[in-house]
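Numbers here simply count residues along the sequence, with the first being 1. Treat the numbers as computed from the prediction; the structure is a model and nothing was measured.
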Amino acid sequence: MPAIIDGKQTAARCLAETAADIAALRVAGVTPGLAVVLIGENPASLAYVRSKDKTCRELGMHSRKIELPADTPQDEVLRLIAELNADPAIHGILVQSPPPPHIDEAAIVRAIDPRKDVDGFHPLNVAALAMEDPSAMVPCTPLGCLELLRAHDIATAGARAVVVGRSLIVGKPMALLLLRKGTDATVTVAHSRTADLAAVCREADILVAALGRPNFLGAGHVREGAVVIDVGINRVDDPSAPRGYRLVGDVDFDAVAPKCRAITPVPGGVGPMTIAMLMGNTVRACRRITGKC
Ligand code: GUN
C-alpha cells in the first residue's frame with residue numbers, strides 16, 4: 001500500500017511554527033494582518049475565504065474579510081486595494097480567484113503592493129521566483145506541495161517531475177519551484193493539449209496534478225512507484241452526501257493509489273497546506289514591511 005501524505009498533520013506543524021512567530025512579533029509590538037477580498041458569491045470561494053479568516057484569528061493574527069457584491073465595479077475594487085496598500089495594520093492582501101468576469105484580474109493583481117502580495121501573483125514576484133530571488137513571495141499552493149515533499153522525505157534532486165496544468169496559481173510556479181537550485185528536479189509541464197498525456201505522465205517520479213478536472217488522471221497515467229501530489233479540489237454531485245456533493249481530486253485515487261509509493265488524499269492533502277503557507281507568507285510580509293524579528 002502507498003504512504004498517504006497527510007496534509008492535515010503537516011499543515012498543523014507549519015501552523016504551530018507560524019503561531020510561535022506571530023507570538024514573537026506581537027511581543028515586539030506588531031500583529032501581522034491579512035486582508036482577504038471576495039467579489040461575488042462563488043460557494044467554494046466563500047468557504048475558502050471564511051476558512052482563511054478563521055485560521056488567521058486562531059493564530060492571533062489581525063484579519064479583515066471583505067465580501068463585495070458580484071457587481072462591484074473594477075474601480076471600486078482598485079480603490080479598496082489602494083486603501084489596503086496604505087493600511088499599516090495590513091501586511092498581506094489576497095483577492096480570491098476567480099473574480100466575476102467583468103473584473104480584470106491582472107489589473108487588480110498589479111495594483112497590490114508587491115510586498116503585501118502574499119499570493120505571489122504580482123509580476124514582480126513572478127519574476128523574482130523565476131530569477132531564484134529569495135525575497136520572492138511564492139504562491140501558496142505550490143509552496144505547500146513542496147513542503148509536503150520535504151516533510152515526507154521525498155527526494156527531488158534529479159527526479160523527473162511532471163506538472164499537469166499551466167495556471168499562474170499552481171502549474172507555472174510549481175514547475176519553477178521544482179526546477180530551482182536546491183530542489184533540482186527535471187521538470188516537464190503538461191496540459192490539456194499535450195499529445196499522449198498518459199505517456200508523458202508515466203515518465204514522472206513525482207506527478208503533480210493541477211488541471212481542475214475530477215478524477216481525470218487514472219492508473220494509465222502513473223508509473224509504478226511514483227509519488228502523486230493531487231492539487232485538484234473538485235465538487236461532484238453526490239445525493240447521499242450531507243451537502244449534496246463530495247470533494248474529489250484530479251486523480252482517480254482508488255485506481256492510482258495501489259501503484260504509488262506515496263499519494264496525497266483529497267480532501268486532507270494539499271488543501272490544508274495552502275492555508276498554512278498563506279499564514280506563513282503573511283508573517284514573512286509583516287517581517288519585511290516592519291523590519292521586526
Ligand atoms: N483561488 C484558488 N486558489 C487560490 C489562491 O491560492 N489564491 C487566490 N487569491 N485565489 C485562489
Side-chain angles (χ1 to χ4, degrees), residues 3-36 47-65 89-94 96 115-120 125 129 134-156 169-170 173-174 177-178 182-183 206 208 227 229-231 233 247 249 262-293:
I4 303 298
I5 299 177
D6 186 341
K8 277 195 231 160
Q9 200 177 43
T10 309
R13 197 247 309 141
C14 294
L15 287 173
E17 287 168 13
T18 301
D21 293 341
I22 292 166
L25 278 163
R26 290 178 64 144
V27 168
V30 255
T31 301
L34 174 66
V36 178
Y48 293 141
V49 162
R50 290 186 179 164
S51 176
K52 288 164 184 171
D53 175 58
K54 180 166 168 273
T55 308
C56 266
R57 291 171 195 280
E58 284 168 357
L59 294 186
M61 266 203 280
H62 170 56
S63 174
R64 255 190 91 182
K65 174 167 59 71
I90 294 297
H91 308 97
I93 302 169
L94 177 150
Q96 187 68 28
R115 295 173 311 160
K116 296 191 177 187
D117 169 36
V118 284
D119 260 328
N125 282 315
L129 174 60
S135 74
M137 272 294 166
V138 177
C140 303
T141 300
L143 196 57
C145 294
L146 198 66
E147 190 57 38
L148 280 179
L149 294 174
R150 280 205 199 113
H152 291 78
D153 290 325
I154 293 159
T156 52
I169 299 185
V170 186
M174 185 77 251
L177 279 176
L178 286 162
T183 309
I206 298 170
V208 181
V227 173
I229 305 291
D230 190 352
V231 178
I233 303 177
L247 297 179
I263 184 168
T264 58
V266 177
V270 174
M273 292 302 292
T274 298
I275 292 196
M277 297 299 106
L278 174 65
M279 301 298 128
N281 275 357
T282 306
V283 165
R284 274 188 69 217
C286 176
R287 283 181 172 142
R288 266 178 76 195
I289 290 166
T290 64
K292 301 275 187 191
C293 297

Approximate separation, where rounding is to 0.5 Å, of I90 CD1 and R64 CZ: 6.0 Å

Set of residues satisfying side-chain hydrogen bond (donor to acceptor under 3.5 Å, both in side chains) with respect to K65, sequence neighbours excluded: E67

Test side-chain contact (heavy atoms from CB on, under 4.5 Å) applied to I169 - qualifying residues, sequence neighbours left out: S97, F121, S167

Flag side-chain contact, heavy atom, 4.5 Å: L177 against L129: yes

Spacing of R287 atom CZ and D21 atom CG [to the nearest 0.5 Å]: 4.0 Å

Closest approach of G120 to P139 (non-hydrogen atoms, all atoms of both residues): O-CG, 3.8 Å

Side-chain touch L146/L178, heavy atoms, less than 4.5 angstrom: yes

Approximate separation, where rounding is to 0.5 Å, of I275 CD1 and T18 OG1: 12.5 Å

Test side-chain contact (heavy atoms from CB on, under 4.5 Å) applied to I22 and V283, step by step: CA-CA 7 Å; I22 292 166; V283 165; 3.6 Å; yes

Taking every non-hydrogen atom, the tightest pair across A262 and I154: CB-CD1, 4.4 Å

K116 side, atom NZ; C286 side, atom SG - distance, nearest 0.5 Å: 10.0 Å

Close side-chain approach of M277 and V138, heavy atoms under 4.5 Å: no

If you look only at distance, which donor and acceptor atoms sit under 3.5 Å apart when one is on a side chain in residues 25-35 and the other is two or more places apart or in another chain?
unit_1 : atom_1 : unit_2 : atom_2 : d
R26    : NH1    : G60    : O      : 2.6

For the student: nearest non-hydrogen atoms of T183 and T156, plus distance: O-OG1, 2.8 Å

L148 CG to R150 CZ distance, which is reported to the nearest 0.5 Å: 11.0 Å

Set of residues satisfying side-chain hydrogen bond (donor to acceptor under 3.5 Å, both in side chains) with respect to R284, sequence neighbours excluded: none

Over 12 non-hydrogen atoms of neighbours within 6.0 angstrom of CD in E17: yes

Sidechain-backbone polar pair: T55 side chain, S51 backbone, donor-acceptor under 3.5 Å: yes

Qualifying residues under side-chain hydrogen bond (donor to acceptor under 3.5 Å, both in side chains), relative to T141, sequence neighbours excluded: T274

Contact check, side chains of N281 and L143, non-hydrogen atoms, under 4.5 Å: yes

Side-chain heavy atoms of M279 within contact of C56, under 4.5 Å: yes

From NZ (K52) to CG (L278), nearest 0.5 Å: 6.0 Å

Which atom of M137 lies closest to which atom of A285, heavy atoms considered: CE-CB, 3.5 Å

Pairwise side-chain contact, I229 with I5, heavy-atom cut-off 4.5 Å (strictly under): yes

Shortest non-hydrogen contact between I289 and R115, atoms and distance: CD1-O, 3.9 Å

Close side-chain approach of I233 and Y48, heavy atoms under 4.5 Å: yes

Those residues that, when tested against D53, pass side-chain hydrogen bond (donor to acceptor under 3.5 Å, both in side chains) (two or more places apart): R57, S63

